[in-house]
Amino acid sequence: MNILQINLTIAQMLDYTMPILFAALCGVLSESAGVVNIGLDGIMRFGAFFGLLGAFFSHSPWIGLLFGIAIGCLVGALHAFITIRWNGDQTVSGTAINVIAVGLMTYLLEYVFSTTGYSPQLQNYFGAQAYRVHLPFLAKIPLLGAFSNLSFMIWFGFICTVLMHVLLYHTVLGLRIRTCGENPKAATTLGINVFRIRWFAVVAGAALAGIGGATLSISSFSGFSDSMPNGVGFIGLAAMIFGKWTPFGALGAALLFGTGQIVQSIIAVTGIAPKLAPGLTLILPYVLTLAVLAGFVGKSVAPAADGLPYYKEQR
Amino acid sequence: MKALEVRSISKMFPGNLANDNISFSVEKGEIFAIVGENGAGKSTLMNIIYGIYTPSGGDLLVNENEVKIRSVEDAIKLRMGMVHQEFMLIPRFTVTQNIVIGDEPHKGIFFDYGRAVREVRELSERVSLTVDATALAGDLPVGVQQRVEILKVLRRGAEILIFDEPTAVLTPEETVELFVTMRKLQTEGKTILFISHKLKEVMEIADRIAVLRRGKLQGIVNKKDTTEEELARMMVGRNVVLEIPKVDVEVGPVAFACHDLHVRNKRGYEAVKGMSFDVHGGEVVGIAGVQGNGQDELVNAMIGFSHPVSGSMELNGKNMRMVTTAQLRKEGMSYITEDRARRGLVMPYTIRENAVMGQHLARPFSKGIRMDYDKVGEFAEGKVKEYDIRPGDVYDTAGSLSGGNQQKLILARELSLPHNFLIASQPTRGLDVGATEFVYRKLLEEKKAGKAILLISLELSEILGLSDRILVMFEGRIVGETTPDKTTEEALGLLMLGVGNDKKVQS
């Protein structure tokens, strides 16, 4: 492989990484406040379709991104309403969101575009040259060259990671969010409104999952396909756990899983692919996910009150 | 001036009137104790005053003004602070983070950790409660964790401090320290509400004492004009025998024996270093010792949770060194634990289910793969009556019971299993006088029935009152053997600290 190919591979890897990263960040925020959001795969599917929808009709990926955020907030609010307002089971609510997303998006795809399987392709998407962030001074430098011509969403993913870190570890709100995830009763005794904080964390987190979904359909790819997000949300959850519920940990894990995704393409380039059973390379990222989880999950500790509904007057 | 007045407060929980028309007032600068058995409604009342629960009826007055306390924010604004029974600390946060949460020094939206640390250090110096501001709360000993809790409420300018059973988790030395702190706060003009069921402590620290029983106020007395016995009578509603009667039983054959037992702890260090003793039928052998001298590891080995590294263990003459808990139980071992939540009961399960656990696979409770819940229910109903477990609904979860009633449920189950050897590990820890008395009575009944009993306890009065023989354990070894009539609490206390072990019993 020459330098250009390497650069291209890195850029491609980042394309795979970002949806995973957004999903993982959604998980980090929501679970730091103590609410498990297993429905983030479904929220991504909502985000992917509505992102495409916004971008398609407005001819602007920015509008698509806003659509992704809005639908993320909306579905997140549903999850919050069920799990925080009514103390519903967080796993059941999340699973319901996943199931609804599968059926509803397929229906909407056929209803809006009268097609099956794939939406029409976008001309204006974040992956198009016009919407890329051009940093020509990096182009000549080996490896960093990969960063000279990236989609806006990739940079946005890095920015969100930093912002999330600052939020959780350097702001008053972040300290309170983590308190709610560790010991909501203690938070109450200190005069913190646990319900309000959890609402914020779930809805803001879901917005990130919505962005992650939109990244798939209007940045990594130029359209919505019925198989989206292809389990990326669950890989994101794995990245969150592997990253020990921290933003930078999630970034590292997402990069690792993203690399797993492009190993398929590398194998294809090296020419050993035909010797392998068809489909074998496709399962690689998932095998990697399983291996990492089996090997590391024991050392990663969730927030103490993660997944537990909070009843104020419980005895 | 009255710092706090409570007028006709009631609190109704589904099916349970936890507070029934309670009224009292507390003077500024007073240490006011509220005593009562577990489940008498003390904590509920405090949670109402502190805004965590909303009362079903009644009024609150702070500094002689009527107030509505709808949330903890309201209570904090009225300069109240509460040190909770279970600490409200986050182990993964630093001391400073724990103290400032909810009222953080900040620059804009950013948390100013540096300033927070400085503030905590200043505060800790000013009130002379020493803490390491940057240590993780989870790494601190319990006594220090409590200091962090006190600092937390003081930082918010609390004038009325509520201590909810603060001594329950403390060692005697830490308790002394806490009382020094409380007196100091009193001299600074703070008002203190002290919740407890330990009468000795209440008599030591309080100015006035209110007694609750089953949600009702039984009376308010001045410390000067009362005695422990009178308080106990008010709390329980009848005369309480704090003295343990002597029961003489003919000693039977050896039930349990171990020889040169070595046991490792979780971290792999040897915690029991060669213990040899036996327990006969109709005999209570007490093991005295300061916590952490190998008692937990000894018990774990005896109940089959861990296997001894070397040495022998026999139950009714059969080798029991490498067997499972099930086999030990089959051979006649029963086990009363102090750790009700983790070992004694399955808290989310009902009383019914907890009562038969361990014999749930045997007839008549199960037939083949099917549980016979009618028989289980019948059995549990019987035990609830026999052991006076309250409230007596067998469909209630074990977790909804008070500590005393949980312990009764454990006794009911363990003593109904066929057994001739009973391990009682701190059987009265955290219990009030009424429940403690009940446990003692049951243990003595067991002794009369000819069972062999091994009693492990940190309470010397309990060891001296119940045991026929006393073994003193220090650093994993037996450093002394004596009988209650040949020793005193002081002598035992010295032995327990490893002082003056001239008559070592090592064989």
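Labels below follow one simple rule: chain letters A, B, ... track the order of the sequence lines, proteins then strands, and each chain is numbered from 1. Keep in mind that what you see is a predicted model, and the values were worked out from it rather than measured.
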In terms of heavy-atom pairs under 4.5 Å with chain A, which of B/M88, B/R156, B/K107, B/H106 leads? B/M88
Okay, B/Y50 and chain A: the region with an atom under 4.5 Å from a heavy atom over there is side chain
Below 4.5 Å from any heavy atom of chain A, which atoms of B/K152 appear? Answer side chain, backbone, both or neither. side chain
Would you check if A/T189 and B/H84 make a side-chain contact, meaning some heavy-atom pair closer than 4.5 Å? yes
Among residues 159-177 of chain A, which residues come closer than 4.5 Å to chain B, judged by heavy atom distances? A/V166, A/H170, A/T171, A/V172, A/L175, A/R176
Whatever's closer than 4.5 Å to a heavy atom in chain B on A/A304 counts as backbone
Under 4.5 Å, heavy atom to heavy atom: which of residues 89-105 of chain B reach chain A? Give them by number, or say none. B/L89, B/I90, B/R92, B/F93, B/Q97, B/I101, B/G102, B/D103, B/E104
For atom OH of B/Y349, is the number of surrounding heavy atoms from other residues, nucleotides or ligands below 6.0 Å larger than 12? no
